[in-house]
Amino acid sequence: MGTRNVISTSFGQGKFQVTLQAFTTDNHGICAFLTGGELPHTGGVVLANPYLKDDGSYSADMWINTVPGHKDTEIGTKIAKYLAITTKQTVSLTCGIHIDHASMEEIQQIFDNCMHVAKKWVEEYI
């Protein structure tokens, strides 16, 4: 039976803190949960499956399911694709980040923190 681990990392402060927690399956896929803001929840799910392109670089096929009225998968898509391409594994990412009446600057801060937490998670994983 393969090794299974849960790796959890956070980035940011206060309502801008995001957490990426992921269950790894010995190079057979990653099941992750990206939460943060004032109300962590399930706002959508992204499935990313990496593949090798003809030019030798990687991309990922994406499947996205969003809870009606939620926009969590906008950042979830970027994070799932990044994780899939970087780890070369299929990634299932459930995401839910909420800040009441967020301004464009606050949304950008959350996006930036999500990318930072994903990079930090990959550093711990690899």
Side-chain angles (χ1 to χ4, degrees):
M1 186 173 235
T3 304
R4 295 183 183 101
N5 293 310
V6 175
I7 300 171
S8 182
T9 189
S10 296
F11 187 88
Q13 298 292 320
K15 69 181 181 180
F16 300 108
Q17 183 178 25
V18 292
T19 300
L20 179 60
Q21 185 174 34
F23 178 82
T24 64
T25 59
D26 210 16
N27 292 322
H28 297 287
I30 297 169
C31 182
F33 197 40
L34 177 66
T35 59
E38 298 167 331
L39 182 62
H41 63 287
T42 298
V45 178
V46 179
L47 183 66
N49 189 47
Y51 65 89
L52 184 62
K53 297 181 350 181
D54 290 338
D55 66 4
S57 65
Y58 277 83
S59 190
D61 289 324
M62 310 290 290
W63 294 268
I64 304 161
N65 286 312
T66 303
V67 173
H70 290 249
K71 298 184 189 232
D72 309 86
T73 56
E74 300 221 5
I75 187 59
T77 301
K78 291 179 180 10
I79 300 303
K81 185 174 184 178
Y82 171 77
L83 293 174
I85 290 170
T86 304
T87 65
K88 298 184 181 45
Q89 294 182 59
T90 300
V91 173
S92 171
L93 176 68
T94 300
C95 44
I97 302 167
H98 180 82
I99 296 176
D100 278 334
H101 312 291
S103 68
M104 289 307 295
E105 292 81 17
E106 290 174 321
I107 292 168
Q108 186 61 54
Q109 183 66 55
I110 287 289
F111 265 64
D112 293 345
N113 288 358
C114 287
M115 283 308 301
H116 283 293
V117 82
K119 290 175 182 176
K120 187 176 168 186
W121 188 93
V122 167
E123 287 174 6
E124 286 188 42
Y125 177 68
I126 295 177

Note, Gln108 side chain near Ser103 side chain (heavy atom, < 4.5 Å): no
Could you go through Asn49 and Tyr51, starting from their C-alpha distance and side-chain angles, then the distance that decides it, and tell me whether this counts as side-chain contact (heavy atoms from CB on, under 4.5 Å)? CA-CA 7 Å; Asn49 189 47; Tyr51 65 89; 5.9 Å; no
Does Val91 share a hydrophobic cluster with Tyr125, counting links as ILVMFWY side-chain heavy atoms below 4.5 Å and allowing steps through other members? yes
Could you tell me how the ring of Phe11 sits relative to the ring of His116: parallel (under 30°), tilted (30 to 60°) or perpendicular (over 60°)? parallel
Side-chain touch Gln21/Ile7, heavy atoms, less than 4.5 angstrom: no
Heavy-atom closest contact (Thr94 atom, Thr42 atom, distance): CG2-CG2, 3.6 Å
Nearest heavy-atom contact between Phe23 and Thr25 is CE2-CG2, 3.5 Å
side-chain contact (heavy atoms from CB on, under 4.5 Å), that's the test. Do Leu93 and Leu20 meet it? Break it down for me. CA-CA 9 Å; Leu93 176 68; Leu20 179 60; 4.0 Å; yes
State, yes or no, whether a side-chain contact exists between Asp72 and Thr66 at a heavy-atom distance under 4.5 Å. no
Just how far is it from atom CD1 of Ile97 to atom SG of Cys114, taken to the nearest 0.5 Å? 3.5 Å
One pair to check against side-chain contact (heavy atoms from CB on, under 4.5 Å): Met115 and Ile79. What are the steps and the verdict? CA-CA 7 Å; Met115 283 308 301; Ile79 300 303; 3.4 Å; yes
same_hphob_cluster(Val46, Val117) at 4.5 Å side-chain heavy-atom cutoff: no
Looking at OG1 of Thr19 and CH2 of Trp121, how far apart are the two atoms once the value is rounded to the nearest 0.5 Å? 14.0 Å
Under 4.5 Å between side-chain heavy atoms, counting indirect links through other Ile/Leu/Val/Met/Phe/Trp/Tyr residues: same cluster for Tyr58 and Ile126 or not? no
His70 and His41 have their tightest heavy-atom pair at ND1-NE2, 3.3 Å
I need the minimum non-hydrogen distance between Met62 and Ala80, along with the two atoms involved. CE-CB, 4.3 Å
Would you give the length of the straight line joining atom CG of Leu83 to atom OG of Ser92, rounded to the nearest 0.5 angstrom? 11.0 Å
I'd like to know whether NZ of Lys15 has more than 12 heavy-atom contacts from other residues, nucleotides or ligands below 6.0 angstrom. yes
Heavy atoms, side chains only, cut-off 4.5 Å: are Tyr82 and Val122 in contact? yes
Any chance you could measure Ile30, atom CD1, to Thr87, atom OG1, to the nearest 0.5 Å? 3.5 Å
Closest approach of Ala60 to Ala48 (non-hydrogen atoms, all atoms of both residues): CB-CB, 4.4 Å
Over all heavy atoms of both residues, which pair between Gln89 and Gly29 is shortest? Give the atoms and the distance, please. OE1-N, 3.0 Å
To the nearest 0.5 Å, what is the distance between OG1 (Thr90) and CG (Asn27)? 11.5 Å
Closer than 3.5 angstrom, by distance alone: can the side chain of Lys120 be matched with the main-chain N or O of Ser10 as a donor-acceptor pair? yes
Between OG1 of Thr9 and NZ of Lys119, what distance do you get to the nearest 0.5 Å? 14.0 Å
Joint cluster assignment, Ile75 & Phe33, ILVMFWY side-chain distance < 4.5 Å: no
Does Phe16 offer a backbone N or O that forms a donor-acceptor pair with the side chain of Asn113 under 3.5 Å? yes
